[in-house]
Amino acid sequence: MPISVGEVEHAHAKKAIEEALKSSDNARVGAVIARGETVLATGYKSEIDKLHAEQIALHKAEMQGVDVKGATLYTTMEPCANSRTSRVPCAELVAEAGIVEVHIGEYDPNPQVYRLGWKHLRDRGIGLRDFPKDLRKQAHEAGTNFTRVFTNGFGVSAGAKFDFTQNGGRFTIRLDEEKDSPTWETRWTNCGANAIYLNGGRHGIVAHARYAEQFNEIDDPDALDFGHHSPKIDVGSIGVMRNEHGHVLCKVTSIEPTADYGGTGHVSVTIKWEIRLRSSAGA
């Protein structure tokens, strides 16, 4: 019995995930270039130093004299299209190679990349598909060490940059990577070009440490006004979120706003934080 188109696509997407799992890189990405049932080339991040998985697959096809015009690319992570780097983006390389359809396992959570690769490919007339639902989960798990840096942060004192319009605006801060580690789920929403809302969902959760510029200027965080559920935090200011574990103090160091506030398409907030456990706060 002939294999169906859906079964072929599923097999190639699964093969891309298998390629990703070969990677020793923190950002594990796998790519497969295929025509019909035939695999033309494969690649995975770290297979060739400093090249992305899609670049590697295209390079291997070229070295082997394989024509990929009219072929389909299966990649576990959205091809990059970050105009802020000097490298030629993978999305452009894919389009120039004559690939006519791209299947994507996961959109890049990097605020400099998210959906920009998809948009670039669409604007070049390339057909776009998502991996089947079960394989999207596997693609995400394959690259979780990379993707989680845009949704999770660890440490008593650290920082992060993430897209506040994705993941429901959530960024989870944990003391460490232990299973029962004290955790604060911060939530951020759009406010303006130079300010952002820190959301607690209800009164008593978040506060704005007005005028404070450094964490050491805040003596007892519980002395702050926690009467608002989503205070406005300006760039350079400090917001505080509390729970049964204690407090996390978050300083907003920069914002790349959404287009309606003059942004250029790269949306992000950059924060630094300091955790104060209840025991160390004297509460």
Side-chain angles (χ1 to χ4, degrees), residues 3-23 25 27-48 51-64 66-83 85 87-143 146-147 150 163 166 265:
I3 186 170
S4 69
V5 172
E7 290 173 321
V8 170
E9 293 174 346
H10 194 279
H12 291 325
K14 189 172 181 61
K15 174 66 174 174
I17 294 170
E18 292 171 357
E19 289 296 311
L21 293 174
K22 296 178 183 179
S23 177
D25 198 86
R28 296 191 297 181
V29 181
V32 169
I33 300 174
R35 181 178 284 110
E37 296 181 35
T38 304
V39 173
L40 303 178
T42 64
Y44 61 87
K45 186 79 186 306
S46 78
E47 185 177 2
I48 299 177
L51 297 186
H52 289 182
E54 301 91 338
Q55 288 178 285
I56 293 168
L58 290 170
H59 174 73
K60 288 165 67 175
E62 182 180 4
M63 292 299 99
Q64 296 164 12
V66 176
D67 183 9
V68 299
K69 287 185 175 62
T72 298
L73 169 68
Y74 298 80
T75 178
T76 59
M77 181 72 71
E78 170 187 13
C80 69
N82 187 354
S83 61
T85 66
R87 73 187 303 146
V88 178
C90 288
E92 181 63 26
L93 294 174
V94 168
E96 290 179 351
I99 299 293
V100 297
E101 187 171 84
V102 175
H103 292 235
I104 298 172
E106 181 176 20
Y107 295 106
D108 196 324
N110 185 333
Q112 311 305 330
V113 181
Y114 180 80
R115 297 279 290 180
L116 289 177
W118 180 93
K119 179 180 183 300
H120 184 90
L121 294 169
R122 183 206 60 187
D123 292 348
R124 292 294 296 269
I126 294 172
L128 293 158
R129 301 278 303 280
D130 296 312
F131 276 21
K133 185 175 182 179
D134 61 322
L135 296 186
R136 291 202 300 272
K137 181 179 179 181
Q138 292 182 36
H140 172 75
E141 290 173 348
F146 171 66
T147 60
F150 300 109
D163 185 338
Q166 301 304 317

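Computed from a predicted model, the values in this text were never measured in an experiment. Computed from heavy atoms alone, side chains included, the values below leave out hydrogens, waters and symmetry copies.
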Open item on the list: If we ignore hydrogens and angles and just use 3.5 Å, is the side chain of Lys14 paired with the main-chain N or O of Leu135 as donor and acceptor?
Closed with: no

Open item on the list: Once rounded to the nearest 0.5 Å, what's the spacing between atom CD1 of Ile99 and atom CD1 of Ile33?
Closed with: 4.5 Å

- [ ] Would you give the length of the straight line joining atom CD of Glu54 to atom NZ of Lys45, rounded to the nearest 0.5 angstrom?
- [x] 10.0 Å

Open item on the list: For a quick test of reading the model, state the closest non-hydrogen atom pair linking Gly117 to Glu78 and the distance between them.
Closed with: N-OE2, 2.9 Å

Open item on the list: With heavy-atom distances below 4.5 Å as the criterion, would you say the side chains of Tyr74 and Glu9 are in contact?
Closed with: yes

Task: 4.5 Å side-chain heavy-atom contact, Glu101 and Arg129 - done: yes

TODO: May I ask you to establish whether Arg115 and Tyr107 are in a cation-pi arrangement, using a distance under 6.0 Å from NZ or CZ to the six-membered ring centre and at most 45° from the ring axis?
DONE: yes

TODO: Tell me, yes or no, whether the heavy-atom count around Lys119 atom NZ, taken from other residues, nucleotides or ligands under 6.0 Å, exceeds 12.
DONE: no

- [ ] Verify side-chain contact (heavy atoms from CB on, under 4.5 Å) between Val29 and His52, making sure each step is shown before the conclusion.
- [x] CA-CA 8 Å; Val29 181; His52 289 182; over 6 Å; no

Open item on the list: Treating Thr76 as the side-chain partner and Ile17 as the backbone partner, does any N or O pair qualify as donor plus acceptor under 3.5 Å?
Closed with: no

- [ ] Before giving the answer on side-chain contact (heavy atoms from CB on, under 4.5 Å), spell out for Val94 and His120 the whole-Å C-alpha distance, their side-chain angles and the decisive distance to 0.1 Å.
- [x] CA-CA 10 Å; Val94 168; His120 184 90; over 6 Å; no

Open item on the list: Less than 4.0 angstrom from a charged side-chain N to a carboxylate O is my criterion; do Glu19 and Lys15 meet it?
Closed with: yes

TODO: Locate the shortest heavy-atom distance separating Pro109 from Met77; write the atom from each residue and the value.
DONE: CD-SD, 4.3 Å

Task: Distance, nearest 0.5 Å, that separates CD1 of Ile48 from NE2 of His59 - done: 4.5 Å

Task: Spacing of OH belonging to Tyr44 relative to CG belonging to Leu51, to within rounding of 0.5 Å - done: 12.5 Å

TODO: Could you tell me whether the side chain of Glu92 and the main chain of Pro89 form a donor-acceptor pair under 3.5 Å?
DONE: no

Open item on the list: Would the distance check show the side chain of Arg35 and the main-chain N or O of Asp67 forming a donor-acceptor pair, the cut-off being under 3.5 Å?
Closed with: yes

- [ ] For Arg28 and Ala20, indicate whether the former's side chain and the latter's backbone hold a donor-acceptor pair under 3.5 Å.
- [x] no

Open item on the list: Evaluate His12 against Thr72 for side-chain contact (heavy atoms from CB on, under 4.5 Å), listing each step before the verdict.
Closed with: CA-CA 10 Å; His12 291 325; Thr72 298; over 6 Å; no

Task: Glu47 CD to Thr42 OG1 distance, which is reported to the nearest 0.5 Å - done: 6.0 Å

TODO: Return the minimal non-hydrogen interatomic distance between Thr75 and Val102, and the atom names on each side.
DONE: CG2-CG1, 4.2 Å

Task: Minimum-distance pair of heavy atoms, taken over all atoms of Glu106 and His140 - done: OE2-ND1, 2.7 Å

Task: Minimal non-hydrogen separation, Leu121 against Pro79, with atom names - done: CD1-CG, 4.0 Å

- [ ] Measure across Ala97 and Leu58 and return the closest heavy-atom pair with its distance rounded to 0.1 Å.
- [x] CB-CD2, 3.7 Å

